[in-house]
Protein chains: 2
Amino acid sequence: MQHFGDYIREARLRLQEEDRSFSLRQVAGRVGIEPAYLSKIERGVFAPPSEATIVKIAEVLNEDADVLLAMAGKLSSDLQAIILQRPKLFADLLRQLKKAPDHAILSVVREVTDGDW
Amino acid sequence: MQHFGDYIREARLRLQEEDRSFSLRQVAGRVGIEPAYLSKIERGVFAPPSEATIVKIAEVLNEDADVLLAMAGKLSSDLQAIILQRPKLFADLLRQLKKAPDHAILSVVREVTDGDW
DNA sequence: TTGCATGTGTAATATATACTACACATAAGT
DNA sequence: ACTTATGTGTAGTATATATTACACATGCAA
């Protein structure tokens, strides 16, 4: 699997083809970081940035923040907070679901969506 | 709610009533940290220690590591890893379950346990 | 009554995290 | 041609994280 940097570089370049304003410098500007910093992140010279910065990058590049965070090895703090409120319950659930196939989890999600508790 | 330090101090003192070997110094020894450090953690002078150290404390004090970690505001890295492998899927699930009552989550766990996928 | 164990104060340190600032060479636009 | 924008190299820094080392006063135990 490719790393965080490759992924966002490719996403940015894809957007740049249609819209010149997606240069590294301008994206860095919108994200609120130094161009040199973004450059190093994209090339994997530096580690992925902080959660807050990743979320901003996701917004600017129209990417899914949870996925970007995951590629950076980070879990968004709102999800953490959800688990930490009922640690035993969610720990059990997650360990159970660890080996479940995607469709099994999806059906659980759907089931809960129509939640009749 | 009380903080991490209070919680482990009380757990330790409870054990110490039955078994003198649960002095701060000896517990620190078994955990593998300096007594002065554990002392400060217990009193909240220092922040809770690293994940690895919390897990050792949990072992020594016969406490649930997930709960101890949660009190320290940390999510165990094995649970993180589970989520990070399928971030979108689990992000959706967790956000759905955020407001679900405990019994609803428990029934999902049970359901998945007998999983027939 | 002295000697070991107990808990705790002060000070310092090592490592990681998350960046910034500046300079420079190349390429593109007018 | 000229200026403007582009990506990147080098160097440095601020803050947080996770801990150790040493010293000291009090208490219990033999």
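No experiment lies behind these values; they were computed from the predicted model shown.
Remark: P of C/dC19 and CD1 of A/I41 are 7 Å apart, rounded to the nearest angstrom. Here the C1' atom of nucleotide C/dT8 and the CG atom of B/L38 are 12 Å apart, to the nearest Å. In this structure, CD of A/E51 is placed 16 Å from C1' of D/dA16, rounded to the nearest angstrom. Counting to the nearest Å, the P atom of D/dA5 and the CZ atom of A/F22 are 18 Å from each other.
Residue whose closest nucleotide on DNA chain D sits further toward the 5' end, between A/V45 and B/I33: A/V45. For the pair B/S23 and B/F46, nearest-nucleotide mapping onto DNA chain C gives the more 5' position to B/S23. Toward the 5′ end of DNA chain D lies the nearest nucleotide of B/A47, the other residue of the pair B/A47 and B/A36 mapping further downstream.
For B/K40 against D/dT19, no side-chain N or O and base N or O form a donor-acceptor pair under 3.5 Å.
For B/D78 and A/R95, the salt-bridge test passes: some basic side-chain N is under 4.0 Å from an acidic carboxylate O. A salt bridge does not link A/K88 to B/D66: none of the charged side-chain nitrogens sits closer than 4.0 Å to a carboxylate oxygen.
For residues 34-49 of chain B, every residue pair satisfying the side-chain hydrogen bond (donor to acceptor under 3.5 Å, both in side chains) rule, not counting sequence neighbours, is listed here: B/R9-B/E42, B/R12-B/E42, B/S39-B/R43.
To the nearest 0.5 angstrom, A/I33 atom CD1 is 5.0 Å from A/I57 atom CD1. Interatomic distance, CG of A/L94 versus CG of B/L79, reported as 5.5 Å (0.5 Å rounding).
For D/dT20, the OP1/OP2 oxygens have no side-chain nitrogen or oxygen of B/Y37 closer than 4.0 Å. Under 4.0 angstrom from either OP1 or OP2 of D/dT19 there lies at least one side-chain N or O belonging to B/T53. Distances shown here put a side-chain N or O of A/R12 below 4.0 Å from the OP1 or OP2 atom of D/dG7. Between A/S50 and C/dC19 there is a side-chain polar atom (N or O) within less than 4.0 angstrom of OP1 or OP2.
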At a cut-off of 3.5 Å, list every protein nitrogen or oxygen paired with a nitrogen or oxygen from nucleotides 24-30 of chain C, distance to 0.1 Å.
none

Tell me, with the steps shown, if B/R30 and B/S21 meet side chain to side chain contact (heavy atoms under 4.5 Å, CB included).
CA-CA 10 Å; B/R30 272 173 249 150; B/S21 87; 2.9 Å; yes
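Counting only heavy atoms from C-beta outward, the side chains of B/E17 and B/F22 never approach each other to under 4.5 Å.
Looking at the side chain of B/Q26, the nearest of the listed nucleotides C/dT6, C/dT8, D/dT20 is C/dT6. With distances taken from any side-chain atom of B/L24 to the nucleotides D/dG9, D/dT20, C/dG7, the minimum falls on C/dG7. Minimum atom distance to the side chain of B/E34 is reached by D/dA21, of the listed C/dT20, D/dT19, D/dA21. Proximity note for B/R43 (side chain, C-beta onward) versus C/dC19, C/dT8, D/dT8: the nearest is C/dT8.
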